[in-house]
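Let me begin by presenting the structure, written as structure tokens, before commenting on it.
In what follows, every chain begins at residue 1, and chains take the letters A, B, ... in the order their sequences are listed. What you are looking at is a predicted structure, and each value in this text was computed from that prediction instead of being measured.
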Amino acid sequence: MNCNSLRPEDVGREIVLMGWVQRRRDHGGLIFVDLRDREGITQVVFDPRIGRQGHERAGALRSEYVIAVKGNTRFRPEGMTNPKLPTGEIEVAATELRILNSSKTPPFQVEDDVDASENIRLKYRYIDLRRPKLFNNLVARHKVAQMTRAYFNDLGFIEVETPVLTRSTPEGARDYLVPSRVNTGKFFALPQSPQLFKQILMVAGFERYYQIVKCFRDEDLRADRQPEFTQLDLEMSFISEEEIFSMIEGWIVKIFSGLKGVSPRPPFPRMTYGEAMDRYGADRPDTRFGLLLTEVTDVVAQSEFRVFRQAIERGGIVKALRVPGGKDLSRKELDDLIEFVKIFGAQGMAWIKIQADGWQSPIAKFLSPDVQQGLIDRLGIETGDVILFVADQRKIVNDSLGNLRGRLGRQLGLIDPDAFNFVWVTDFPLLEWDSNEKRYTSVHHPFTSPFESDMDLLETQPEKVRSRAYDLVLNGIEIGGGSIRIHQQEIQRRVFQALGISAEEAREKFGFLLEALQFGAPPHGGIAFGLDRLVMLLCGCSSIRDVIAFPKTQKATCLMTNAPSEADVNQLLELCLKVEGDRNK
RNA sequence: GGGGUGGUAGUUAAGUUGGUUAUAACGCCGGCCUGUCACGCCGGAGGCCGAGGGUUCAAGUCCCUUCCACCCCGCCA
């Protein structure tokens, strides 16, 4: 029996309900209380003619008091039903009331449409979590976890827990460190992912492993990034990309059908990394709308416009974004877009409005008729368009126009809010040049298998080597990524070498993996999903904080517990640790 | 490390060019009310305007410093 279970057929039953006082409406002679529990709301009437004691006590009720009510279910009087409530046709006429606990006046009301600021919501998270929206988000998360376990259990996967106290590995994100008391001066690291352990489990012959697991990365936070987050992590032996894709698609179908009643139809579209970067300016393309990027470097190379020419001479490129109907963008709006691309390193942005009576643009006079015709042919320009250009190094052009594309998609209302567009992104490069560290680093991670056909390039043109890595992208957000791994020690050795990781360092940091690869490691691969992000998208939220029970603030603190806190002197002594200096001072 | 938005009553917000006693809504407290469901009506309390410093006859408002929340860049294999 809960506050959402009584219906007309229950009329006449004597029942007991317990819950929280959502609202009290005191009419003097008659008191109404909306009684709330996690399931819903039932109206309770305290009528002195029915329960004198209950009516007297009900006068003391306040918001969020916890009560138990005994009473009889009855129809509401003619015309007094409340169609907004599933229980709106009935009410409970209270005969007895027990106040199980009182409550201070809550800092904000327990309603979905209260817009309390996030800091107060986080401080009083237990009140925030009473709101149906947030509660239901966590229920959805629970269901996803349960459906996930059921799905992979049925496919023969074994859930294995891997250590939370493990060792720091180079590459990747900053580690959270945990000092070891027993081993003075040594530290555990919290795992950024169970990557190495799941590969070792494949060597151990588990064949199919999965885990719903916390991962930790000590990096700056975003709306979709928390220092501790949850992955669905899985790995399989004797597996191909195709098998992984279809298995994951089946999982997505199960979750979407189970939670939303509808599901995208597999197989999901695929796109190479190269195509995604070329046309979407990002490795996580949002395919819910058009506005694709087009490279026009060759078309404008001979133009008189110095900005284009210089960018190209310096090895850069020029890309254009054709915005149909964009001529209505005001000068102010275009200036805002220019400011926007500067965030991503662009020096500026050129624009052309295609008016019926000609091209209106600060740069039109630099574009010869030949160049203009070239642009018309390349971009399929039509009257009413606005064309936006960025010329710079390839990365800056893609970053700025890719993000500009997203902004315009939202601003111009091109995005169907109900759409769930999945796309597999494949054929990532294995390595990328890190100009800070002056060496190649892994695009995915150092254990990702290169394309066998590209292996010869590993020592000669490392940036040309493609990897057997793949991401699953939903609505422009990366929700999962994985790869077929290296299972042969010799290839692993060559990849480490390409990464500039010395043999000694590899032995010291990953020796156990290298050794394991020598003991009959099967070919294997897997994938990991950001469960928080997936649930966030399923719940229509814009931050993973809304699907995490107790999230951290952007400064990586918990406003409810005030973690992190200073350590007790004795704790530090035991650990032989001393805090020196303050980076913030 | 950097850019941006915000911080005024318990909550959410308004506050003009620096000028009398800092507003409103919701919430809260008291009273009245037997059919409300965002109940209604009457009355009331509630403020170190994030904190610190400065300019000024005068600061919520201008300047500087700083703290907090959020969005973003860098960072996040």
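With B/rC33, B/rU34, B/rA69 as the choices, the nucleotide that has an atom nearest any side-chain atom of A/D26 turns out to be B/rC33. Set against B/rA38, B/rC72, B/rC68, the side chain of A/R222 has B/rC72 as its closest nucleotide. With B/rU11, B/rU34, B/rG35 as the candidates, the nucleotide lying closest to the side chain of A/P77 is B/rG35.
Using atom C1' as the reference point in both B/rU17 and B/rU56, the two lie 15 Å apart (nearest Å). Nucleotides B/rU12 and B/rG2, compared at atom P, are 29 Å apart to the nearest Å. B/rG7 and B/rC62: their P atoms are spaced 12 Å apart (whole Å).
If you measure from atom CZ of A/R76 to atom P of B/rC37, you get 11 Å, rounded to the nearest angstrom. Atom pair A/N119:CG and B/rU12:P shows a separation of 7 Å (rounding to whole Å applied).
Both thresholds, 5.5 Å between centres and 30° between ring planes, are met by A/F32 relative to the base of B/rU36, so the two rings are stacked.
Atom CD of A/E432 is surrounded by more than 12 heavy atoms from other residues, nucleotides or ligands within 6.0 Å.
No salt bridge links A/R225 with A/D220; every basic N to acidic carboxylate O contact stays at or beyond 4.0 Å.
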Next item on the list: Report the C-alpha distance between A/T162 and A/Q211 in whole Å, list the side-chain angles of each, state the deciding distance to 0.1 Å, and finish with yes or no for side chain to side chain donor-acceptor pair (under 3.5 Å).
Entry: CA-CA 9 Å; A/T162 51; A/Q211 187 181 189; 3.1 Å; yes
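Considering only heavy atoms from C-beta on, A/D37 stays 4.5 Å or farther from A/M18 through its side chain.
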